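Atoms within a ligand are numbered from 1 in the order they appear, just like the ligands themselves. Side-chain atoms are counted along with the backbone in the values below, which use heavy atoms only and exclude waters and symmetry mates. Numbers here simply count residues along the sequence, with the first being 1. Predicted model only: the values in this text are computed from it and were never measured.
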Amino acid sequence: MIGILGGTFDPVHYGHLRVALEVKDLFDLDELRLIPSATPPHRSQPAASAPMRSDMLTLAVTHQPGLRVDVRELARPGASYMVDTLQSLRQDFPDQPLLLFIGTDAFNHLTRWHRWQNLFDYAHLVVMTRPGVSIQQNDDFFNDKLAGDKQELAQTIAGKLFFQPVTQLDISATAIRRMIAEKQNPGFLLPDAVIEYIKQNRLYGSEEPVT
Ligand code: ATP
């Protein structure tokens, strides 16, 4: 089974990396692909360019077997719709279950996504939940797709919905960008190699690197 975690990763941080590792192990995935959104359709445009966000992801996962960066959205012009990404992954993996992992917040807004119902044609959807955050979708469309347990996801290649509690560290890219702009130290919120890259490239209003 192949897992997919999309996001802006502006920049990638330990909140992303912790859940990536956790779901890779929980679902016994052959690999978990982190897919940076080149041109996110549903939010303000990222501060760092797509190639730079991909570089930071690559630095972050270099020593983690089973986690890899997939840059296919960078090659596609226009808005980066997840349904197109899944369709392209399905062409690469015609017979394997694909698991798309999304946070509860994203799931609550899923019906605003481009061709959202077709996501299930290409992949299973796994919603990463955390205590205290309620699920706001209560549609028959979703109820019909609910898997009883995670073993069910291995039996078909797409079309199921599953809720998986995960460790959600209280870290956000927004807070990290703000800290950097305010000259605070973001250490221990994201990998040192990524912090170094941010400094070298003066991203997010960081100071000139000390030479
Ligand atoms: P921003 O603050 O810029 O909105 P973000 O930190 O929320 O960014 P995204 O790139 O938007 O990061 O997130 C990509 C995916 O990772 C989403 O599915 C999101 O739900 C999940 N995610 C983000 N932060 C965390 C976290 N701290 N713990 C677990 N999952 C997270």
Flag the pair Phe107 / Phe101 as yes when their ring centroid distance falls below 6.0 Å, and as no otherwise.
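So the answer is no for these two rings.
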Would you please indicate yes or no on a ring centroid separation below 6.0 angstrom for Phe141 and Phe120?
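Yes, ring centres under 6.0 Å apart.
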His13: partners by ring pair (Phe, Tyr, Trp, His ring centres under 6.0 Å), with sequence neighbours left out
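If we apply the ring pair (Phe, Tyr, Trp, His ring centres under 6.0 Å) test to His13, skipping adjacent residues, the hits are His16.
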Pairs flagged by side-chain hydrogen bond (donor to acceptor under 3.5 Å, both in side chains) wherever residues 49-62 is involved - sequence neighbours left out:
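Counting only pairs at least two positions apart or across chains, the side-chain hydrogen bond (donor to acceptor under 3.5 Å, both in side chains) contacts touching residues 49-62 are Asp55-Tyr197.
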Scan the side chains in residues 81-93 for donor-acceptor partners under 3.5 Å anywhere in the protein, sequence neighbours excluded, and list what turns up.
| from | atom 1 | to | atom 2 | distance (Å) |
| --- | --- | --- | --- | --- |
| Thr85 | OG1 | Glu73 | OE2 | 2.6 |
| Thr85 | OG1 | Arg76 | NH1 | 3.2 |
| Thr85 | OG1 | Arg76 | NH2 | 3.0 |
| Thr85 | OG1 | Tyr81 | O | 3.3 |
| Ser88 | OG | Arg72 | NH1 | 2.6 |
| Arg90 | NE | Tyr122 | O | 3.3 |
| Arg90 | NH1 | Phe93 | O | 2.6 |
| Arg90 | NH1 | Gln96 | O | 2.8 |
| Arg90 | NH2 | Gln96 | O | 3.2 |
| Arg90 | NH2 | Tyr122 | O | 2.9 |
| Arg90 | NH2 | Ile157 | O | 2.8 |
| Asp92 | OD2 | Arg72 | NH1 | 3.0 |
| Asp92 | OD2 | Arg72 | NH2 | 2.9 |

Taking non-hydrogen atoms within less than 4.0 Å of ligand 1, which protein residues qualify?
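Answer by chain and number: Gly6, Gly7, Thr8, Phe9, His13, Gly15, His16, Val19, Arg43, Gly103, Gln168, Leu169, Ile171, Ser172, Ala173, Thr174, Arg177.
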For a quick check under 3.5 Å, do Glu22 and Thr167 share a side-chain donor-acceptor pair by atom type?
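Judged by distance alone, the side chains do pair up.
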